[in-house]
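Heads up: the structure comes next, in structure tokens.
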Amino acid sequence: MNMFLWILQIVLALHTAIGAGWKFFNSEQNIPSLSAIPHGLWIALTPFELICAAGLIAPAIVPSLGILVPIAAIGIAAEMLVFSGVHLQSGEGQNGPMFYWLGVAAICAITAVARLKISPL
């Protein structure tokens, strides 16, 4: 289980870091349902996501930082849930992006619960 969670954390950290880079170079206007997000907040999500990505893998370097994993996973999940809420408020007919965000949030929730209850670091 521990190995599976490490693989999940690494993949989630890579996903989040790549998403942060994408946000930095692409406008929120690229996703019509997220155009309600102010540009300054959109750009501010970049360092937030990079910090969360680092929190997912920090215990590999400093084992005493194990509590950062569930905190980072919850932070990413919260962001994905906010994106889903903004998407629903936009009235956009295509729900593909929302299902993607909800899937990421579910993976984050599994990671957080597993690291808190099943296999803590």
Next item on the list: Report yes if the side chains of H87 and N95 come closer than 4.5 Å at any heavy-atom pair, otherwise no.
Entry: yes

Next item on the list: Measure the SG-CD1 distance between C108 and I74 for me, rounded to the nearest 0.5 Å.
Entry: 9.5 Å

Next item on the list: Group every Ile, Leu, Val, Met, Phe, Trp and Tyr by side-chain heavy-atom contacts under 4.5 Å, then state whether L116 and I71 land in the same group.
Entry: yes

Check: Less than 4.5 Å apart, any side-chain heavy atom of F83 and any of I31?
Finding: no

Next item on the list: Measure the acute angle between the ring planes of Y100 and H15, then classify it against the limits of 30° and 60° as parallel, tilted or perpendicular.
Entry: tilted

Margin query: Measuring from atom CD1 of I57 to atom SG of C52, what distance do you get when rounded to the nearest 0.5 angstrom?
Written below: 12.0 Å

Item checked: Separation of I110 CD1 from L12 CG (nearest 0.5 Å) -> 11.0 Å

Check: Do E92 and M98 have side chains that get closer than 4.5 Å, going by heavy atoms?
Finding: no

Notebook entry, point to check: Which heavy-atom pair separates A44 from P47 by the least distance, and what is that distance?
Noted result: O-CD, 3.2 Å

Item checked: Nearest-0.5 Å distance that lies between atom NZ in K23 and atom CG in L41 -> 10.5 Å

Next item on the list: Establish whether I43 and I18 are linked, either directly or via other cluster members, by ILVMFWY side-chain heavy-atom contacts under 4.5 Å.
Entry: no

Margin query: Let me check something: do M80 and W22 share a hydrophobic cluster, defined by ILVMFWY side-chain heavy atoms less than 4.5 Å apart, either directly or through other members?
Written below: yes

Notebook entry, point to check: Q9 side chain to L56 main-chain N or O, any donor-acceptor pair under 3.5 Å?
Noted result: yes

Check: Can you tell me how far the CD1 atom of I76 sits from the OG1 atom of T111, to the nearest 0.5 Å?
Finding: 8.5 Å

Next item on the list: For W101 and L81, indicate whether the former's side chain and the latter's backbone hold a donor-acceptor pair under 3.5 Å.
Entry: no

Notebook entry, point to check: Quick one: OG1 on T46 to CD1 on I51, what's the gap to the nearest 0.5 Å?
Noted result: 11.0 Å

Notebook entry, point to check: What is the minimum heavy-atom distance between P59 and G66, and which atoms define it?
Noted result: CG-CA, 3.7 Å

Notebook entry, point to check: Can you tell if the side chain of S119 reaches within under 4.5 Å of the side chain of W6, non-hydrogen atoms only?
Noted result: no

Next item on the list: Would you mind reporting whether V86 and S33 have side-chain heavy atoms less than 4.5 Å apart?
Entry: no

Check: Are the side chains of R115 and N2 in touch, meaning some heavy atoms are under 4.5 Å apart?
Finding: yes

Checklist line | hydrophobic_cluster_shared for V82 and W42, side chain cutoff 4.5 Å | finding: yes

Check: Is F48 reachable from L65 through a run of hydrophobic residues whose side-chain heavy atoms are each under 4.5 Å from the next?
Finding: no

Check: Is there a donor-acceptor pair closer than 3.5 Å between any side-chain N or O of N30 and the backbone N or O of N26?
Finding: no

